[in-house]
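Only this structure's heavy atoms are used, side chains among them; waters, hydrogens and symmetry mates stay out. Below, read A as the first sequence line, B as the second, and so on, with proteins coming before strands; counting in each chain starts at 1.
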There are 2 protein chains.
Amino acid sequence: MLAKMSIQTDADLSAALRARGQRVTSQRLVIHRALRELERHVTADELLSAVSGRLPGVSLPTVYATLDLLEDLGAARRINAGGGALLYEAGGDEHQHFVCERCGRVEDLHTGLNARAALQAARNRGFEPHRADLVVSGLCADCASR
Amino acid sequence: MLAKMSIQTDADLSAALRARGQRVTSQRLVIHRALRELERHVTADELLSAVSGRLPGVSLPTVYATLDLLEDLGAARRINAGGGALLYEAGGDEHQHFVCERCGRVEDLHTGLNARAALQAARNRGFEPHRADLVVSGLCADCASR
DNA sequence: CTGGATGCAAACTCTTTGCATGCAT
DNA sequence: ATGCATGCAAAGAGTTTGCATCCAG
């Protein structure tokens, strides 16, 4: 099993893109950089706002397309929190998420849970699993105290 | 910790509704019954079709409202598979799901994985967790062989 | 009776698609 | 020069909301 190098810098991204025969554009570099610097869960829209300051004229479809691409490269992760918009975060460490059913807040959760059993169960069924996402839902501290 | 009785029959549902001071309507009974009998993951739309045969004139908003209610009662479970529509299944045994990234198929997965660690991690953060959902995504057998 | 539940229609949000232009290679 | 990537606009899907009517309690 080949461990894929994680993409961290602009140079990493450029190299990964070239390796796939895809183009290095300023939009891709800036979106990637913004995602990494925000260091939290962001919607495509929030990311667009963050990016527009640095590179005016970027469009939402481009943000979505770039996030798809980054996810493909392992540089971004899509979080389906269920409430409204999709969230994205920079790829990297393995962790799970907590979603508040009331206010929609999403927080990281480090459970130490091992997803290997789940992946293996999928393989046993003939599937080819790529990832396992665990989402805990309930009430966040603020909403619970009301 | 009080184990909530699982709702299985029309009588169970009627009792649970009355206990909450809510009304027992034919729509609620029929939708609940249809969900149980389908024994698979269905969209609100599919459920509407299934129900319309028995009780004409049911509307989609009512299906959604009833599914919300059933979920609240623990008689239904919402599955956020990410691809397009939400899915619902009758409440009952604990299991996880596999979603094909290509064709969107959703299958049950029995991993034996224990979510207690995840729930505990959430509690340690001050949250009040209600459930933990694990979704494995990748390619199903059919899509992988292409 | 009385108010919660329903049906209808429309709004709303987020995401994806089509097409002409532009820029990385 | 070549064709992938982008921007714009619009379509599309799914879910939710508002309001008048209806029926369970």
Between CG of B:L60 and P of C:dA11 the distance, given in whole Å, is 17 Å
Atom CZ of B:R131: over 12 foreign heavy atoms under 6.0 Å
yes
A correct 5'-to-3' footprint of nucleotides 2-9 of chain C, with B, S and - meaning base, sugar-phosphate only and no protein heavy atom under 4.0 Å, is -BBSSBBB
From CD of A:E71 across to P of C:dT16 the rounded distance in Å is 11 Å
Distance-only polar pair, side chains of B:S59 and B:T62, donor-acceptor under 3.5 Å:
yes
note: A:R20, atom CZ; D:dA5, atom C1'; distance rounded to Å ~ 14 Å
When rounded to whole Å, the CG to C1' distance for the pair A:D45 and C:dC14 reads 9 Å
Walking DNA chain D from its 5' end, the first of B:V24 and B:L86 to be reached, judged by nearest nucleotide, is B:L86
Here the distance between atom P of D:dG14 and atom CG of B:L47, to the nearest Å, is 15 Å
**Asked** Does any donor atom in the side chain of B:D133 or B:H97 lie under 3.5 Å from an acceptor atom in the other side chain?
**Response** no
Q) So what does A:R18 touch, heavy atoms closer than 4.0 Å: a base, only the sugar-phosphate, or nothing? A) sugar-phosphate
A:Y88 atom OH is separated from C:dC14 atom P, nearest whole Å, by 13 Å
Partner of A:E89 under side-chain hydrogen bond (donor to acceptor under 3.5 Å, both in side chains), picked from A:R36, A:H95, A:R78, is A:H95
- Message: Would you say that more than 12 heavy atoms from the other residues, nucleotides or ligands in this model lie under 6.0 Å from the CZ of B:R116, or not?
- Response: no
Quiz item: Do B:Q96 and B:T111 get their side chains close enough for a donor-acceptor pair, meaning under 3.5 Å?
Solution: yes
When rounded to whole Å, the CD1 to C1' distance for the pair A:I31 and D:dA5 reads 11 Å
In whole angstroms, the gap separating C1' of D:dG25 from CG of B:L17 amounts to 13 Å
